[in-house]
Amino acid sequence: MRRLLVALLALPLFAACGPAPESDATTTDAQAQEVQSQPDTQELSSAPRERSVTLSTGVTLRYVEQGSKNGPVVVFLHGYTDSHHTWDLNLPIFPRSFHIYALDQRGHGDSSRPGCCYTQQAFAADVVAFLNAMGERKAILVGHSMGSFIAQQVALDSPSRVEALVLVGSAPTVAGNEVALFLKSIVDTQVGTVDPDFVREFQTSTFTRPVPQSYIDTLVSESLKVPARVWQATLDGLIAEDHSARLGRIRVPVLVVGGDQDGFFPVEQQQALVDALPNATYVLYPDTGHAPHAELPHAFVHEVQRFLKSVTK
């Protein structure tokens, strides 16, 4: 199985397995202080709250909410087979002046797992239904990998509900992606619960920089909650749908964040996404893999915070 993952992602498989925490070499002390110390005259909420809501689309989503009720609304969308825990290294240091929701998308985490459907349109419809359920008119969407494509889809299907986008580890499309197609050939062989060894190797292969072992263990645990049928249906949906030709219709500000060692979407594909968007800013981290938010959490939060401030003035 390890050989399959080496071929799959062409990254050092166990570079991220050590217990040493990440080092944000690109983050200055001043930046870290700016991220963690955000005085605000608004009334801030208490600790993050985990809740569930049943949507008009028929699914029940688990989500985490934190921050100021009066602050700009930011919805975090995780990647393939992940959950809201993918943001565990970010949310604790994210300014409480923002009103944050981090979702477990359908079939993932502790949300319900319907028999149908796992298309990009279905995931996007859940996001809009979630905003309706929360009474939120519009939001800034922050999506990693699969979540970034869902965020793009929401912006295309329901542009009036999106204020801005942050796309992490992304590209114009998954359609035709050789890594995704190879991953599909493995995932399609799974029945019931996906092989735990494969899950761990899949998760660790997405990182180039070291991340905490406890974080990896959590990601593995969350991915193991996802049945093989959801792995398969979700990946099929991502591969089958290509909205890249319509990306020029997304007029809102977009921050694209990537790593130059991303094994899923190389720099050329990241740049193609930037070029296709009329109002995009690109941040590329060196020596970083498919998950900049986890590999450089402080630098990532600082960059996203700066972008959010610029679009919510």
Side-chain angles (χ1 to χ4, degrees), residues 5 8-9 11-27 31-32 35-36 48 64 66 74-95 100 102-105 108-109 141-151 166-171 179 199-226 255-267 270 283-305 307:
L5 265 293
L8 178 66
L9 296 180
L11 289 174
L13 259 182
F14 296 105
C17 286
E22 79 293 328
S23 174
D24 269 76
T26 60
T27 306
Q31 288 173 344
V35 167
Q36 298 185 66
V64 167
Q66 74 174 43
V74 186
V75 176
F76 283 76
L77 303 172
H78 60 75
Y80 177 62
T81 78
D82 289 335
S83 72
H84 74 268
H85 286 290
T86 196
W87 310 107
D88 278 358
L89 303 180
N90 310 118
L91 296 189
I93 59 174
F94 212 88
I100 290 175
L103 311 186
D104 287 356
Q105 298 181 83
H108 294 69
L141 305 182
V142 180
H144 171 238
S145 194
M146 179 190 84
S148 75
F149 296 102
I150 305 311
V166 178
L167 307 177
V168 188
S170 193
V179 176
V199 171
R200 183 166 293 275
E201 293 184 5
F202 170 73
Q203 285 290 359
T204 57
S205 294
T206 62
F207 306 112
T208 297
R209 294 174 181 263
V211 299
Q213 183 64 49
S214 59
Y215 178 73
I216 294 176
D217 291 343
T218 296
L219 295 185
V220 171
S221 177
E222 293 298 296
S223 286
L224 286 172
K225 292 179 181 179
V226 182
L255 174 64
V256 177
V257 182
D260 67 353
Q261 300 301 312
D262 190 324
F264 277 99
F265 305 117
V267 173
Q270 298 174 40
V283 174
L284 181 66
Y285 291 117
D287 305 315
T288 303
H290 185 57
H293 65 289
E295 298 177 57
L296 292 167
H298 284 273
F300 173 78
V301 170
H302 172 76
E303 201 67 54
V304 172
Q305 175 195 352
F307 173 73

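- A ring-centre distance under 6.0 Å is not found for Phe300 and Phe307.
- Contact of the Phe265 side chain with the Ser145 side chain is registered, since non-hydrogen atoms from C-beta on lie closer than 4.5 Å.
- Put simply, CZ on Phe202 and OG on Ser223 are 6.5 Å apart, with the number rounded to the nearest 0.5 Å.
- When all heavy atoms of Ala102 and His84 are compared, the closest pair comes out as O-CB, 3.7 Å.
- For the pair Gln270 (side chain) and Gly259 (backbone), a donor-acceptor distance under 3.5 Å is present.
- Here the options are Leu89, Thr206, Thr208, the test is side chain to side chain contact (heavy atoms under 4.5 Å, CB included), and the partner is Glu295; only Thr208 passes.
- A heavy-atom distance below 4.5 Å is not found between the side chains of Val142 and Val75.
- Rounding to the nearest 0.5 Å gives a distance of 5.5 Å between CG of Leu91 and CD1 of Ile100.
- Contact detail for Ala291 and Phe207: the closest heavy-atom pair is CB-CE2, 3.6 Å.
- For His144, there are no side chain to side chain donor-acceptor pair (under 3.5 Å) partners, not counting sequence neighbours.
- Here the closest heavy-atom approach between residue Gly169 and residue Asp262 is recorded as CA-OD2, 3.8 Å.
- Between the side chain of Tyr285 and the backbone N or O of Val257, no donor-acceptor pair lies under 3.5 Å.
- Residue Phe149 comes nearest to Ala171 through the heavy atom pair CE2-O, 3.1 Å, listed as atom of the first residue, atom of the second, then distance.
- For Phe94 and Phe76, the ring centers are positioned less than 6.0 Å apart.
- In terms of heavy-atom proximity, Trp87 sits nearest to Gly143 at CH2-C, 4.5 Å.
- With contacts defined as side-chain heavy-atom distances shorter than 4.5 Å, the pair Val166/Leu141 does not qualify.
- Taken to the nearest 0.5 Å, the NE2 atom of His290 stands 9.5 Å off from the CD atom of Gln203.
- The main-chain N or O of Gln105 is found under 3.5 Å from a side-chain atom of His78 such that the two form a donor-acceptor pair.
- A donor-acceptor contact shorter than 3.5 Å links the side chain of His108 to the backbone of Thr81.
- The two residues Ile93 and Pro297 have their closest heavy-atom pair at CD1-O, 4.0 Å.
- By the salt bridge (charged side-chain N to carboxylate O under 4.0 Å, His left out) test, Asp217 is found to be paired with Arg200, residues two or more places apart in sequence or in another chain being considered.
- For the side chain to side chain donor-acceptor pair (under 3.5 Å) test, residues two or more places apart in sequence or in another chain that qualify with His293 are Thr86.
- Although no hydrogens or angles enter the test, the distance criterion places a donor-acceptor pair under 3.5 Å between the side chain of Thr288 and the main chain of Pro286.
- Separating the CG atom in Leu77 from the CG atom in Asp104 is a distance of 11.0 Å, to the nearest 0.5 Å.
- In this structure, the separation between CG on Leu103 and CD1 on Ile150 is 11.5 Å, given to the nearest 0.5 Å.
- Using modelled atom types and a 3.5 Å distance limit, the side chains of Glu222 and Ser83 yield a donor-acceptor pair.
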